[in-house]
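Take a look at the structure set out below.
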Amino acid sequence: MKVSCGEKPRLLVVANRLPVSAKRTGENSWSLEMSPGGLVSGLLGVRAQFDTKWIGWPGVDVYDDVGKKSLCSSLAEMKCIPVFLEEVFDQYYNGYCNGILWPILHHMGLPQEDHNDRNKTYQTQYDAFKKANRMFLDVIKENYEEGDIVWCHDYHLMFLPQYLKEYNSKIKVGWFLHSPFPSSEVYKTLPSRSELLRSVLAADLLGFHTYDFARHFVSTCTRILGAEGTHEGVMDHGKVTRVAVFPIGIDPDRFINTCELPEVKQQMNELKERFAGKKVILGVDRLDMIKGIPQKFLGFEKFLEENPNWRDKVVLVQIAVPTRNDVPEYRKVKAQVHGLVGRINGRFGCVSSLPIHHLDCSVNFSYLCALYAIADVMLVTSLRDGMNLVSYEFVACQEAKKGVLVLSEFAGAGQSLGAGALLVNPWDVIEVSSAIREALNMPAEEREKRHKVNIQYVKTYSAKKWGDDFMSELNETFSESEMRIRK
Ligand code: ADQ
């Protein structure tokens, strides 16, 4: 492996989005802000161990050369390299990635549209998807040095492993899926199902959050491609692709240490004062249909209906950062969420107090930690979720309070934190309501016991471990396949 002068191995992380969003402040000037999201949080823990460069879309359309050049140099200071996707972005990202792949991977199937229109739209979006993957390849080619490891992330880049190997079969390529992988019965509705599978199989190592997702992937390859499932992964046309499980984590110390800062303690005191006399249930999600925010509100409404004695003693604080506003389904879910907040606050609120505080916004890191730390209950009701790092972040901030995590069994985290959390089926409003009651009434001793199990897991299965494990498996897999080729 070639090592840079910093003595660390070089790693090119390639993901749809850079970890920062750029905003133009002048002809030649840009402001750069960290963008929220699980992938970013997970990879922050990995960057330290490698000489890492991040390649991805900068979150903004730039059409002029002056702008492109100045943005490149601003981003270079943060070891980020932009891929300018202007011409294809809408069809690639809003269309194919978020309109087609995202719902399929989350078990929702293809969106219902007029059949003829759909075929036409599908083809346009699919072509844009391929073109965007080629544009990522072009930027990698400009920056690749022999020996670099290329780690591709997520469903946006399903063609990249194949393109990379066609360019240079010696590149060490890993691909990690941050979302679930559905059963083959759902996946096979996708018109381009085989091409996409074959393309990711070109990688040396494929990673998934949970055993179930990896198993679904392997059996999908056997059923759709006629490939063979082996103990290593998938064998297709004589090529073995390693498939393995790497549950992502967070950097727990970052959260634990932030909770100790005086300004964060001050924010906690202000929040405690603001909600004095009430228990706080917290929700923190991207405003996405997979996060089950309407189901969360329906469960909470049921709880208020069935437990009148709690009505003036509990508040649900929901911080929902809007995402993917250009996709119609997301606008629909936003409207549905707002309708439910109005209904529940109308039914159970009074002039001086409302049961739901719903904010469509992102909050800064220290305020997020303060919110996690003062909450009595964290309510995660994802309908499907690759992992759900919010639940890990809550646990890391609860060293003092030892609050209760109510967690969807359909989040990957349901498998990792299931022993310490109260698991729920978010579709079952009665079950969610009962779990809220149980969490609010849970004795301190029981809370402590559950927290201990959770925090131990969160500290052990950190983002650093996730990155280390993926990288060492990739190195090992690559050396083995090199040896096989030499033989
Ligand atoms: P996400 O769907 O973005 O990630 P999640 O893992 O919960 O979901 O991560 C969300 C991140 O965004 C957290 O770090 C959280 O702190 C931050 N965040 C969310 N709402 C916020 C708000 N209002 N203000 C500030 N920050 C906010 C995808 C998959 C997940 C998978 C991750 C990582 O969908 O299933 O766990 O990638 O693989």
Side-chain angles (χ1 to χ4, degrees), residues 13 15-17 19 21 33-46 97-98 101-103 105-108 151-156 175-182 207-210 212-213 245-252 254-255 258 282-293 296 317-324 330 334 337 357-373 375 378-397 405 407-408 410-417 458 461-463 466-467 470:
V13 167
N16 173 61
R17 277 297 285 266
S21 285
E33 226 178 68
M34 287 300 291
S35 26
L39 196 158
V40 174
S41 311
L43 282 167
L44 279 176
V46 175
C97 293
N98 293 333
L101 288 178
W102 181 259
L105 293 171
H106 289 86
H107 296 240
M108 292 172 183
W151 191 3
C152 311
H153 288 268
D154 237 352
Y155 57 97
H156 312 87
W175 180 80
F176 186 86
L177 183 65
H178 290 262
S179 76
F181 196 90
F208 296 86
H209 283 309
T210 72
D212 285 348
F213 304 156
V245 176
F246 304 92
I248 200 171
I250 59 166
D251 173 3
R254 184 164 169 252
F255 289 85
T258 303
L282 180 65
V284 176
D285 306 271
R286 283 185 307 98
L287 218 173
D288 192 305
M289 57 271 192
I290 66 142
K291 301 291 180 183
I293 302 173
K296 182 178 335 200
V317 178
Q318 175 65 47
I319 315 286
V321 58
T323 57
R324 307 174 188 178
Y330 285 76
K334 191 170 176 182
V337 162
H357 288 236
H358 173 88
L359 299 174
D360 284 341
C361 68
S362 168
V363 290
N364 70 36
F365 185 67
S366 65
Y367 199 68
L368 183 67
C369 290
L371 277 166
Y372 283 140
M378 183 84 207
L379 193 47
V380 177
T381 51
S382 308
L383 305 180
R384 297 276 167 191
D385 218 336
M387 182 55 79
N388 190 279
L389 291 177
V390 161
S391 39
Y392 284 53
E393 295 170 0
F394 168 72
V395 170
C397 293
L405 174 63
L407 176 59
S408 166
F410 298 115
Q415 294 186 17
S416 47
L417 301 179
V458 169
Y461 291 89
S462 61
W466 171 69
F470 189 93

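Just follow the structure's listing: the first ligand is 1, and inside any ligand the first atom is 1. Just so you know, residue 1 is the first one in the sequence shown, and it goes up from there.
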Below 4.0 Å, non-hydrogen atoms only: which portion of L368 touches ligand 1? Side chain, backbone, both or neither.
side chain
Heavy-atom contacts under 4.0 Å between Y372 and ligand 1: side chain, backbone, both, or neither?
side chain
Could you tell me whether a side-chain N or O of W151 sits under 3.5 Å from a main-chain N or O of W175, the two making a donor and an acceptor?
no
Within ligand 1, which atoms have a heavy atom of S362 less than 4.0 Å away?
22 (C), 23 (N), 24 (N), 25 (C)
Under 3.5 Å, is there a donor-acceptor pair between the side chain of H209 and the main chain of P180?
no
Got a donor-acceptor contact below 3.5 angstrom from the D288 side chain to the I290 backbone?
yes
Cut-off 3.5 Å, side chains only: do T210 and D212 have a donor facing an acceptor?
no
Would you sort out whether F365 and F255 count as a ring-ring contact (aromatic ring centres under 6.0 Å, His included), showing the intermediate values?
CA-CA 9 Å; F365 185 67; F255 289 85; 5.0 Å; yes
Looking at ligand 1, would W102 count as a contact under a 4.0 Å heavy-atom criterion?
yes
What are the atoms of ligand 1, with element, lying closer than 4.0 Å to any heavy atom of G386?
35 (O)
Among K291, R384, H106, M387, which residue places a heavy atom closest to atom 1 (P) of ligand 1?
K291
Between N364 and Y367 (side chain of the first, backbone of the second, donor and acceptor by atom type, cut-off under 3.5 Å), is there such a pair?
yes
Geometric N/O contact V363 with ligand 1, under 3.5 angstrom:
yes
One finds that the ligand 1 atoms under 4.0 Å from a non-hydrogen atom of V321 are 20 (N), 21 (C), 22 (C), 23 (N)
Name of the residue among D385, L379, I250, L405 meeting side chain to side chain contact (heavy atoms under 4.5 Å, CB included) with S391
L405
Considering only heavy atoms, which of V390, L389, D385, V284 lies nearest to atom 30 (C) of ligand 1?
D385
Heavy atoms of L407 and A413 approach each other most closely as CD2-O, 3.5 Å
Between ligand 1 and F176, is the shortest N or O to N or O distance under 3.5 Å?
no
For ligand 1, which is the ligand I care about here, please tell me if C361 has any N or O atom under 3.5 Å from one of the ligand's N or O atoms.
yes
